[in-house]
2 protein chains.
Amino acid sequence: MRMEDAAQVRETPLFSGMSEQVFDALTTGAFLQTFPPHVELFREGEAADFLYVVMDGMVELYAAWNNREAAITTVRPTGTFILAAVVRDACYLMSARTLGRCRLLMLPAASVRQALTSDHAFAIAMIDELSGCYRAAVKAQKNLKLRTGVERLAAYLLQTGTRSGASGFELPCDKRTLASLLGMTAENLSRAFATLRPYGVIVSGSTITLAAPDDLARLAKPAALIDDLDPAALGDG
Amino acid sequence: MRMEDAAQVRETPLFSGMSEQVFDALTTGAFLQTFPPHVELFREGEAADFLYVVMDGMVELYAAWNNREAAITTVRPTGTFILAAVVRDACYLMSARTLGRCRLLMLPAASVRQALTSDHAFAIAMIDELSGCYRAAVKAQKNLKLRTGVERLAAYLLQTGTRSGASGFELPCDKRTLASLLGMTAENLSRAFATLRPYGVIVSGSTITLAAPDDLARLAKPAALIDDLDPAALGDG
DNA sequence: TCAGCGAATTGATAAATATCAATCTTGAGG
DNA sequence: CCTCAAGATTGATATTTATCAATTCGCTGA
């Protein structure tokens, strides 16, 4: 593993307070792998052998049941995914696939568990990380239960536009995946975009422009207890 | 706090590995309160002052947005709720109200955080608890995204019936709340029950009898990665 | 530049779900 | 036992969402 990569991992809050010795032990047994787009990393139900850290690219976590499939969330750098399965030595609840070309760091699950028992600061950081994951999942559930599809899209666009600081931004993934993340079909995502046109939402391929964010906000009614101005509900695992 | 109550709390996995000294410090500043039904304990958005432990009764966690409301989960003895807000010193994402008469132990949030930093075993137990909460929330999200309302009810009845070990059981809360937990209106819950009648689901007030669990299972298609045979997705916070 | 393929959009229709209202049922209190 | 209020059911209708199919769009590779 290159020094820049180790430094990148070391900077994330989960690993930053860890002792040097424990960090070295953890990263010594790690793998850094590059994957092309659309590669399945693991399937839900499999034993959790690794904790994954996204160094580059984006990963989709999704679930399947009865010939149906739904995206649950996406993970960007330097997010980790499948944390709970690793600490519990349980199976994965979601499958994972790369959305674009990805570089992932894979930390052996047993080493992570060992590090938790030997480094109190790491355990405290893990508590912070897991509580963040849990809160994001609660927020996603609230989003699904309290809002219609159009409202969810509106909130998502407002949040993403605000975060990008520009009136125009690129959607971070293809529309089919975005639709699934928002809990709707691709057809209904197209229709929802069309519904938001009078609210200043201009769509050109994957480029979105918010020409009237105040109008859009009046429809979306953003709520700090559901939406985030930092990467969470729809961005991190 | 009575010795039986302290003993009850001490037996739960979250607190059982904690040192005697830390446990005493934690419970010394605690309050044990009895509440009648339909009492609001706190509102979403408020600062998290206490970690709650259910000693008796059942608590509903719910959320509101834009004049809409949805139940998120319920908590039974000896479950805790609002764990993530406490460890993060953040606000509550959900409101809480008693469903029936409740006896709750309230542990000061600051004491809980102090205990985490001073007792490594408690931190490890907290990681286990939080990862359980997170997994339950992911499962609930999968339930909402992958199943129709009727399917969710079928799965819930199968799970609850199986857990009770009898063909007949009592619903643990009123039907309006159950409907909201399952992500539907009370009207549609009634209709869903009627839809399940040919699958052997007999409803008499709050008493449910599963006369043909195999038929019901064929409809519900229970999945270990969504449903639980232990109290989780719809039972604990 | 062109062809082909996958993504996205649009249209039609069906299914799931919510809303509103009326009626029925049940449990608590007098 | 009776009354009343709240919970639940049923019916009618509207809205949201999904499914299926056809068409258009955009990107990649030859």
Side-chain angles (χ1 to χ4, degrees), chain A residues 36-38 60 64-71 97 99-101 143-157 170-197 201-208 219-220, chain B residues 36-38 58 60 64-71 97-101 143-157 170-197 201-208 219-220:
Chain A
H38 314 305
E60 178 197 3
W65 177 81
N66 195 30
N67 290 309
R68 294 172 213 162
E69 188 178 286
R97 63 186 161 215
L99 281 177
R101 186 181 151 284
N143 205 26
L144 289 171
K145 282 195 161 188
L146 294 168
R147 288 175 170 156
T148 63
V150 168
E151 287 164 340
R152 293 199 288 277
L153 177 60
Y156 173 79
L157 293 176
E170 291 294 304
L171 291 175
C173 57
D174 62 287
K175 285 180 186 173
R176 180 166 300 276
T177 302
L178 177 60
S180 194
L181 285 167
L182 293 173
M184 67 182 80
T185 61
E187 291 97 329
N188 281 341
L189 180 69
S190 288
R191 292 190 182 93
F193 271 124
T195 301
L196 296 182
R197 182 68 186 81
V201 176
I202 302 163
V203 181
S204 174
S206 64
T207 305
I208 310 291
L219 174 78
Chain B
H38 313 305
M58 188 178 276
E60 178 198 1
W65 178 79
N66 196 29
N67 292 307
R68 294 172 213 162
E69 188 178 286
R97 64 189 161 213
T98 56
L99 281 177
R101 184 178 152 286
N143 204 25
L144 289 171
K145 283 196 164 190
L146 294 168
R147 286 173 169 157
T148 63
V150 168
E151 285 163 342
R152 293 198 288 278
L153 176 60
Y156 173 80
L157 294 177
E170 290 294 305
L171 291 175
C173 59
D174 63 287
K175 287 182 186 173
R176 181 166 300 277
T177 301
L178 177 61
S180 192
L181 285 168
L182 292 174
M184 66 182 82
T185 60
E187 291 97 330
N188 281 341
L189 179 68
S190 289
R191 293 190 181 97
F193 271 124
T195 300
L196 294 181
R197 181 67 185 80
V201 176
I202 301 162
V203 183
S204 175
S206 62
T207 304
I208 309 289
L219 175 78

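Naming convention: chains lettered A, B, ... in sequence-line order (proteins, then strands); numbering from 1 in each chain.
- Residue whose closest nucleotide on DNA chain D sits further toward the 5' end, between B:Phe193 and A:Gly183: B:Phe193.
- When distances run from any side-chain atom of B:Arg191 to the nucleotides C:dA8, C:dT19, D:dA18, the shortest one goes to C:dT19.
- Rounded to whole Å, atom P of C:dG27 lies 16 Å from atom CZ of B:Arg176.
- Taking a cutoff of 4.0 Å between a charged side-chain nitrogen and a carboxylate oxygen, A:Lys175 and A:Glu170 do not qualify as a salt bridge.
- What separates CG of A:Asp174 from C1' of C:dT9 is a distance of 15 Å, to the nearest Å.
- A salt bridge links B:Glu69 with B:Arg97: the distance from a Lys NZ or Arg NE/NH1/NH2 to an Asp or Glu carboxylate oxygen falls below 4.0 Å.
- Here D:dT9 presents its P atom at 7 Å from CG of B:Leu189, a figure rounded to the nearest Å.
- Picking from C:dC20, C:dA8, C:dT17 the nucleotide with the shortest atom distance to the side chain of B:Asn188 gives C:dT17.
- Ranking D:dG11, C:dA8, D:dT19 by closeness to the B:Glu187 side chain, first place goes to D:dG11.
- In the set D:dA8, C:dA8, C:dT9, the nucleotide with an atom closest to the side chain of B:Ser190 is D:dA8.
- Atoms CG (B:Leu144) and P (D:dA18) sit 13 Å apart, rounded to a whole Å.
- Atom-to-atom, CG of A:Leu196 to C1' of C:dT9 comes out at 16 Å; the value is rounded to the nearest Å.
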Should B:Glu187 and B:Ser190 be marked as a side chain to side chain donor-acceptor pair (under 3.5 Å) after you check the CA-CA gap, both sets of side-chain angles, and the distance that decides it?
CA-CA 5 Å; B:Glu187 291 97 330; B:Ser190 289; over 6 Å; no
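- Here the side chain of B:Lys145 pairs a donor or acceptor atom with the backbone of A:Ser180 at under 3.5 angstrom.
- For A:Thr185, counting side-chain heavy atoms from C-beta on, the closest listed nucleotide (D:dT10, C:dA8, D:dA18) is D:dA18.
- Taking all atoms of both residues into account, the shortest heavy-atom contact from A:Ala220 to A:Ala155 is CB-N, 3.8 Å.
- Comparing A:Val150 and B:Lys175 along DNA chain D, the residue whose closest nucleotide (by nearest heavy atom) sits nearer the 5' end is B:Lys175.
- Note: CG (A:Leu153) to P (C:dT9) measures 11 Å, nearest angstrom.
- Put simply, CG on A:Leu182 is 14 Å from C1' on D:dT17, counting in whole angstrom units.
- Rounded to a whole Å, the CZ atom of A:Arg147 is 17 Å from the C1' atom of D:dT16.
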